[in-house]
Amino acid sequence: MLSGDPSDHNILPVRAGVGLKPEHYKAVLEHRPDVGWFEVHPENYMGDGGPPHHYLTRIREFYPVSLHGVGLSVGGALPLDRDHLDRLRALIDRYQPASFSEHLAWSTHETGFMNDLLPLPYTNETLALVCEHIDQIQTHLGRRMLLENPSTYVEFAEADFEETEFLAEIARRSGCGLLLDVNNVFVSCNNRGADSYAYIDRFPADAVAEIHLAGHAQDSDDHGAPLLIDSHDREVIDEVWDLFAHTVARFGAFPTLVEWDDDIPEWSVLMKEAKKADALLRTSGRVRQFSRPFDAVA
Amino acid sequence: MRWRDLQSAFGEAVRAGNLAVPDEVVVSRPDASRNRFNVYRNNHVVSLIEALGTRFPVVKALVGDEFFQAMARVFVDQSPPRTPVIIRYGEGFPDFIAAFPPAEQLPFLGDVARLEWAIGESYHAPDAPVLAIEALAKIDPAAVGRARLALQPSLRLVSSEWPVFSIWSAHQGQDAKTQLQDVAMIGEVGVTVRPQLDVEVLRIEADAYRFISLLNAHETLEDAAAALELQNAEGFAELLQFVFGAGLVARIAPSTNAADDEGLN
C-alpha cells in the first residue's frame, strides 16, 4: 500500500518519478499510480490559491515531490531576484519537497525574463558567479540544491572549462548536488559533434543526486547538419535509454524523472515510460532503496 | 568581453531576429550552421505566444491561430515578461488588443480578453470559504443594515459595451449553450469567481452588478440598498439571495465601531 504519511516523503526514492501536469491531477489522485515521486515547476504554483495548490497539496500527501525551478537565472550576470527567492522559500516551507533543483543556464537580463534556458560560457568569471549564486540560493532556501546540465545549441569562443569540469568545480566549491539530464547530454553532445558516452564518463560521479530523461525532436540546420531540440514532447528514444543504462551501470541507480512538458499524452503513456525507467534502475544491481513494491496499483 | 555585456548582446539577438549573432557565439560541429542560434529566437517567442494562447483561448479562437500568433508576437516584443512567474503574464494584453489596428474589425476583442484575464485571476486567487445566507440571521437584526460583506477574493467584475459573456459562452465547446450567430450585439455585465474549485463565469443583471460593485467597495448593506434606489424590499431580498446563493460571500466583515458608523451617517 502507498503510505499516506508525508514524513517518509522527505527524500526522493531511487525510483522513476514523473513530471506532474494539470491534465493528470485527477487521474493521479483517483488511481494513485505506482510511481515513486512527482516533480513540478515551482513557477506554476506561484499563484495564491485555486486548483494548482488544491491538487498539489493532496498529491503531496501520497508522494514525495521535487521542485524543479526554471526561473532563477543561476548563470545570469544580474543579482538573483530576491522576490523570486522568497516565493521559492514560501513554496518549500509549504510543500516540504524532497528536492529542489535548477539549471546551469540563464533566463533573465536587463530587458526582462526570456522564458527559456539560455547558455553561458564556461569561464573563471562565470564559475565564480554561478558559485556565488548557488551559495545565496542554498542559504536563502536553507537546503542543498541540485544543478542540472543544460541542452545547448551553440557554444562560446571563450571557454576555460569543459562542461563536465565546470559542473564538477561548481559542485566542489558550492556543495550543491548535480542533476544529470541524460537527454540533455545526448542533445548537447550531438549538437556539438561530441561523444555522449565520453561525457557521462567524465561527469563527476560523487555529486550526482538525480537523473532526468525526456524526449527530443530531431531536426537539421540550414547546412543540413543534424540539430536536436530538447522539446519534452514525446517518448524517450532508444539511444537515450541506452545512454541511461550506461549511466546507471557507471554511477548506480538514482531517482530518475521522466519529463514531458508539451503535447501532454494520456497518463498511461507516462506510466509506461516510468516503468521502463524503473526496470532499468532495478537491473543496475545497485539499487539502494525502494520505498514501495513494484506490483502495487498500476 | 565581460559576461554581463556578452549576455546583453546574446539576449538582444534572441529578441531581435534582425540583429547579428554575437561573434563570441560559435558552433563547434564542423558541418553546423551558426543559424542554429535561431532555436533560441524561436523558443523565446513561441513559448510566450503559447502562454498567451493558454491564457486567452477564446480570443485565439475568434481570430484564428495565424492572426493570434502574429498579434501575440507583437505584444511579446513590446511587453516581454518582467518576472519568471509566467502564470501572471499577459495583464497588458487586453489593452494592447483593444488598440491593435489589425483587430479593429472585432471591436469586442479587447473586452473578451479582459474577461479571459479575469477568469485567470479568479483561478489563481486565494481560496476562501463560502458563507451561507443563514449567517445573516445570526446577527442582531438592528445591526444587519450596517454589516459589510466580504466577497470572495477570487471575484472579478467585468462590464462591457459588447456581449462578451455570450461570446465567451459560445466558445465553450460541446457544452456551449449559446451559438455565436445568435448573440445580440448589446452590452453585458457579470463576474468571474471561484467559490469552490472551478471558476464560474456569470453574466448577471445590471442591478445585481451594481449591488456587487457596492459591496465590493465595502459599502454597508443599507447604504448599498439606498444607492440602488430599488422599488421594493423584495428586490433587495432577491439580490441578497443571489449573492449568497452564487457563493460570492466569504464572510461578514467585522463591523466597524458604532461611532464610525454614526459618523458616516
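Below, read A as the first sequence line, B as the second, and so on, with proteins coming before strands; counting in each chain starts at 1.
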Can you say whether [X] sits under 4.5 Å from chain B via the side chain, the backbone, both, or neither, judging by heavy atoms?
| X | result |
| --- | --- |
| A:Asp262 | side chain |
| A:Leu120 | both |
| A:Leu227 | both |
| A:Ser107 | neither |
| A:Pro226 | both |

What are the two closest heavy atoms between [X] and [Y], and how far apart are they?
| X | Y | answer |
| --- | --- | --- |
| A:Arg87 | B:Pro84 | NH2-CD, 4.0 Å |
| B:Ser47 | A:Asn115 | OG-ND2, 2.9 Å |
| B:Ile87 | A:Gly47 | CD1-N, 3.4 Å |
| B:Asn43 | A:Asp116 | CB-OD2, 3.2 Å |

Taking the side chain as every heavy atom from C-beta outward, state whether [X] and [Y] have any pair of such atoms under 4.5 Å apart.
| X | Y | answer |
| --- | --- | --- |
| B:Tyr123 | A:Pro51 | yes |
| A:Glu110 | B:Arg4 | yes |
| B:Asn35 | A:Asp221 | no |
| A:Met114 | B:Pro80 | no |
| A:His109 | B:Ser8 | yes |
| A:Thr123 | B:Trp3 | no |
| A:His223 | B:Asp31 | no |
| B:Arg15 | A:Thr111 | yes |

Exercise for the section: Just say parallel, tilted or perpendicular for the rings of B:Phe10 and A:Phe156, cut-offs at 30° and 60°. Expected result: tilted
Problem - Under-4.0 Å salt bridge between B:Arg88 and A:Asp48 - result: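 A:Asp48 and B:Arg88: salt-bridged.
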Handout entry: Other residues, nucleotides, ligands: >12 heavy atoms within 6.0 Å of B:Glu66 CD
Key = no
Practice task
Report the option among A:Gly112, A:Gly71, A:Ser231, A:Ser73 that has the most heavy-atom pairs separated by less than 4.5 Å from atoms of chain B.
Solution key: A:Gly112
Practice task
Kindly say whether the aromatic ring centers of A:Tyr153 and B:Tyr40 come within a distance under 6.0 Å.
Solution key: yes
Handout entry: Between A:His84 and B:Thr83: side-chain donor-acceptor atoms closer than 3.5 Å
Key = no
